[in-house]
Amino acid sequence: MSEFSLFNTLTRSVEPFAPSDGETVKLYTCGPTVYNPAHLGNFRTFLFEDLMRRALRLRGWKVVQVMNLTDVDDKIITRASEQGKTIREVTDPVITIFHEDRKYLRIEDAEHYPRATAYIPDMIALIERLIANGVAYVADDRSVYFAIEKFAMYGRLSRLDTREIQSGARVSQDDYSKENAQDFALWKAAKPLDEACEAAWDSPWGRGRPGWHLECSAMAMAILGETIDLHAGGIDLIFPHHEDEIAQSEAATGKTFARCWCHGEFLLTDGAKMAKRVGNVQNVADLRRNGVSGAAVRHFMFSTHYRKQLNLSGEALEGSIEGVRRIGDFAERLTAAQGGTRGLEEAADRLDRDVRTAIFDDLNAPNAMAALFEFIRTANKELDAGGSEAGSLRRAREVLAMVNGLLDVQPDRAAADADLAGWVEGQLTARTEARARRDFGTADAIRKALDEKGVVIEDTAAGTRWKLDQ
RNA sequence: GGCGCCGUGGCCAAGUGGUAAGGCGGCAGACUGCAAAUCUGCUAUUCGUCGGUUCGAUUCCGACCGGCGCCUCCA
C-alpha cells in the first residue's frame with residue numbers, strides 16, 4: 001500500500017499518517033460561526049478539508065468527519081440584539097445558506113454537523129472535570145477560566161512563548177475578570193444582552209454560555225472520543241483556538257487530543273487576507289452571480305498547494321474557468337468514444353499512479369491536476385487515432401472517474417430545456433442544409449443566432465454537436 | 001518587539017544539489033467552407049538581489065530588497 005503523509009503543525013514537518021485503528025480516520029474540522037454567510041476564504045479551508053477526506057478515503061480508510069457549527073458567540077449575540085432576534089433566529093437561516101454554498105462547491109457532507117448549543121451539557125461536564133483537576137477556576141464574575149500556567153505544554157502547537165507576547169500584539173482586555181490576562185474563558189457569565197437573545201444556560205456557576213474553544217473540545221470528544229486522528233482548520237486557528245483546545249482537552253483527559261494537526265493557508269484578495277474586518281470579502285453568492293461554477297472554484301482553489309497563500313484574481317479565475325471547460329469537453333468525448341488504444345490504457349495507468357502519488361504526498365493537488373491535464377492531452381491524441389479496444393476505454397473512464405471523485409472539477413453541463421433543445425435542433429437542420437448547398441452566409445447567420453442564445457456548436461465528421469456555453 | 005511563511009515566463013503554479021512539470025493566455029502550423037474542439041511547434045539559457053559552500057544551486061548557508069501572516073476569540 002502506498003504511503004500517506006501530511007504536514008503536522010505540531011512537528012512542522014511532513015510525516016506518515018494513518019488512523020490509530022488502521023481503519024477509520026476520526027477527523028475534526030472547525031466549521032463556521034454562523035452569523036453571516038461564510039466567505040471564500042472560509043471556503044478555501046473547507047475545500048482543503050473536503051480534499052483531505054476524499055484523499056483519505058481514496059487511500060482506503062473510512063472517514064468520520066465532524067464539522068461544528070458555532071451558533072453561539074459574541075458576534076451572533078451582537079447581531080441578534082441589533083435585530084431584536086434570538087440567536088437561533090439569526091443562525092438558522094445562515095446555516096441553511098452555508099449548506100447551499102457548500103453544495104455549490106461540491107463539498108461532501110461531513111458525517112456530523114453538531115451545533116454548539118446542542119452540546120451545553122457536555123461542555124459543562126468538561127468544565128467540571130477541569131475544575132476538579134485544578135486547572136480551571138471560577139472568577140468573581142461567575143465566569144470560569146482555564147489557567148494556562150497549570151498546563152505545562154501550553155504553547156507547544158503555536159510555538160509562542162507565553163511570556164513574550166508584547167508590543168504590537170492585540171492585547172485587549174475584555175470585559176471579564178480573570179487572574180491572568182492570557183487565561184481563556186471556558187464559561188462566560190451571562191449578561192442581560194445574552195438573556196435577551198436566549199444565549200444563556202443554567203450551570204453550576206450560574207447562568208452563562210460556553211467559551212468558543214470549549215465547544216470544539218466538547219463536541220470532538222462527545223462524537224469522536226478523547227483522542228482523534230486529525231484536526232484541521234485555517235492557519236489562523238493555531239493560536240489561540242487550537243492551542244486552547246489542546247490545553248483544555250488534555251488537561252481534562254490526560255490523553256493526546258489530536259494526533260495530527262493540519263492547517264490551510266489564507267486566501268488573499270488584493271494582496272491582503274480576506275476577512276470581514278478588512279472589508280475585502282467575496283461570497284459564494286458573488287461568484288455564482290457571475291456564472292463561476294463550483295467546479296471552476298475547486299480548480300482555482302486546488303491550483304495552489306493548501307499550505308501556500310493564494311491570491312484571488314479575476315485573471316486566475318478565468319484560467320480556471322477555461323481549464324474546467326477543457327476537462328468537461330474531454331470527459332464528454334471519452335463518454336462518447338467507441339473504443340480506445342493501448343496508449344490510452346497506458347496513459348490511464350500513469351494518471352492513476354501519478355494522482356495517488358501526488359495527493360498522498362501531503363495533498364499535492366497542483367501536481368494531481370498537472371497529471372490530469374497531461375492525461376487529457378495524451379488521451380485526446382489517442383482518441384484521434386481511433387482504436388477499438390473496449391478494455392482500454394473502460395480503464396480510461398474508470399481512472400477519470402477516480403480522479404473526479406477526488407478533485408471533482410468536472411463541470412456540469414447545464415441541460416437545455418426541451419423548448420431550447422427543439423429550437424436548436426431545428427436551427428442545426430437548417431444550417432446543415434445550407435452548408436450542403438454551400439450557402440455559407442445562411443449557415444454562419446444561424447451559427448451566430450445560436451451563439452447569441454449561448455449555444456456553441458462543433459462540426460465534426462459525425463455531424464454537428466452543440467453544447468451550452470458555461 | 002517576538003515568531004513564521006513566501007518571492008519561478010504576461011497570469012496561476014509544481015519542483016529538485018546536476019542543469020526549469022502542468023494550466024490559462026499569446027504566436028505559428030495541421031484540421032475546417034469559415035469557425036469550434038483537438039493536435040503540433042514556439043512562448044523563462046533562467047527561478048527577487050548580492051555574496052558564500054559545492055565539480056555543479058532555482059534547490060544548502062548568509063545578507064539585503066519586496067510581499068503576506070500570527071502574537072486572545074479571525075478559515
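All chains are named by letter (A, B, ...) in the order of the sequence lines, taking the proteins before the strands, and each is independently numbered beginning at 1.
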* Asked: Tell me, for nucleotides 23-34 of chain B in 5' to 3' order, what letter each nucleotide earns: B for a base near a protein heavy atom under 4.0 Å, S for only sugar-phosphate near one, - for neither?
  -> SSS-------BB
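When heavy atoms are screened at a 4.0 angstrom cut-off, A:His213 is found touching no nucleic acid atom at all. The residue A:Ile457 sits close to a base: some heavy atom pair falls under 4.0 Å. Within 4.0 Å of A:Glu243, counting heavy atoms only, lies no atom of the nucleic acid at all. Nucleic acid contact for A:Gly41: base, since at least one base atom lies under 4.0 Å from a heavy atom of the residue.
Pair assignment for B:C70 gives B:G2, based on Watson-Crick or G-U wobble hydrogen-bonding distances that are each under 3.5 Å. Nucleotide B:G7 has B:C65 as its partner under the Watson-Crick or G-U criteria, with both atom distances under 3.5 Å. Pairing of B:C60, defined by two Watson-Crick or G-U wobble distances under 3.5 Å, is identified with B:G52. With both pairing distances under 3.5 Å, B:C42 is matched to B:G26 as a Watson-Crick or G-U wobble pair. Base pairing of B:A21 is not made with any nucleotide, judged by Watson-Crick or G-U wobble geometry with both donor-acceptor distances under 3.5 Å.
Nearest-nucleotide assignment on RNA chain B puts the 5′-proximal partner with A:Gln309, out of A:Leu267 and A:Gln309. For A:Phe330 and A:Lys308, each mapped to the nucleotide of RNA chain B holding its nearest heavy atom, the one lying further toward the 5' end belongs to A:Lys308.
Between A:Phe48 and A:Arg44, every side-chain heavy-atom pair lies at or beyond the 4.5 Å cut-off. With contacts defined as side-chain heavy-atom distances shorter than 4.5 Å, the pair A:Phe360/A:Glu3 does not qualify.
The salt bridge (Lys or Arg N to Asp or Glu O under 4.0 Å) contacts involving residues 358-379 of chain A comprise A:Arg307-A:Asp362, where partners must be two or more places apart or lie in separate chains. Within the structure, the salt bridge (Lys or Arg N to Asp or Glu O under 4.0 Å) test picks out the following pairs touching residues 313-325 of chain A (sequence neighbours left out): A:Glu322-A:Arg325, A:Arg325-A:Asp329.
Going from atom CG of A:Leu237 over to atom P of B:C70 covers 11 Å, rounded to whole Å. Taking atom NZ of A:Lys273 as the reference point, atom C1' of B:C68 lies 11 Å away to the nearest angstrom. Following rounding to the nearest Å, A:Asp244 (CG) and B:C74 (P) show an atom-to-atom distance of 13 Å. In this entry the distance linking CE of A:Met301 with C1' of B:A14 reads 19 Å, nearest Å. The CH2-C1' distance, from A:Trp212 to B:A75, rounds to 9 Å in whole Å. What separates OH of A:Tyr28 from C1' of B:A75 is a distance of 13 Å, to the nearest Å. Spacing between atom CD1 of A:Ile446 and atom P of B:A35 amounts to 19 Å, rounded to whole angstrom units. Rounded to an integer number of Å, the gap from OH of A:Tyr35 to P of B:C73 is 13 Å.
At the phosphate of B:C12, neither OP1 nor OP2 sits under 4.0 Å from any side-chain N or O atom of A:Ser303. A close approach under 4.0 Å does occur between a side-chain nitrogen or oxygen of A:Asn364 and OP1 or OP2 of B:G15. Within the 4.0 Å cut-off from OP1 or OP2 of B:A14, not a single side-chain nitrogen or oxygen of A:Asn367 is found. Between A:Lys448 and B:A35 there is no side-chain polar atom (N or O) within less than 4.0 angstrom of OP1 or OP2. In this model, the phosphate group of B:U38 is not approached by any side-chain N or O of A:Asn380 to a distance below 4.0 Å at OP1 or OP2.
The listed nucleotides are B:U38, B:G22, B:A14; the one nearest the side chain of A:Arg333 is B:U38. Taking the side chain of A:Glu458 as heavy atoms from C-beta on, and the options B:A36, B:U38, B:A75, the nearest nucleotide is B:A36. Nearest nucleotide to the A:Lys276 side chain, out of B:U38, B:C71, B:A75: B:A75. The side chain of A:Phe239 has B:C70 as its nearest neighbour among B:C12, B:A75, B:C70.
When A:Lys103, A:Arg102, A:Arg298 are each tested for a salt bridge (charged side-chain N to carboxylate O under 4.0 Å, His left out) with A:Asp50, only one passes: A:Arg298. The residue from A:Asp74, A:Asp194, A:Asp141 that alone fulfils the salt bridge (charged side-chain N to carboxylate O under 4.0 Å, His left out) condition with A:Lys188 is A:Asp74.
For the C1' atoms, the distance linking B:U16 with B:C60 amounts to 12 Å, nearest Å. Between B:U53 and B:A13, the distance separating the two C1' atoms is 30 Å to the nearest Å. Between B:C68 and B:A30, the two P atoms lie 48 Å apart (nearest whole Å). With both ends at atom P, the span from B:G33 to B:C24 equals 26 Å, rounded to whole Å. B:C61 and B:C6 have their P atoms separated by 12 Å, given to the nearest Å. Remark: the separation of the P atoms in B:A28 and B:G67 is 38 Å, to the nearest Å. When the C1' atom is compared between B:G4 and B:U45, the two are found 35 Å apart, to the nearest whole Å. Comparing the C1' positions of B:A14 and B:U49 gives a spacing of 24 Å, expressed to the nearest Å.
Side-chain atoms of A:His242 and A:His213 include no donor-acceptor pair closer than 3.5 Å. For the residue pair A:Asp439 and A:Thr442, a side-chain donor N or O sits within less than 3.5 Å of a side-chain acceptor on the partner.
On a pure distance criterion of 3.5 Å, no polar donor-acceptor pair joins the side chain of A:Lys75 and the base of B:C74. At a cut-off of 3.5 angstrom, counting only N and O atoms as typed in the model, there is a donor on one side and an acceptor on the other between the side-chain of A:Arg277 and the base of B:C74.
Using cut-offs of 30° and 60° for the angle between ring planes, the A:Tyr113 and A:Phe98 rings count as perpendicular.
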* To do: Go through the steps to decide whether A:Asp73 and A:Thr33 satisfy the test side-chain hydrogen bond (donor to acceptor under 3.5 Å, both in side chains), and finish with yes or no.
  => CA-CA 8 Å; A:Asp73 106 307; A:Thr33 297; 4.9 Å; no
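Heavy atoms only, all atoms of each residue included: A:Phe46 and A:Cys30 are closest at CE2-O, 3.5 Å.
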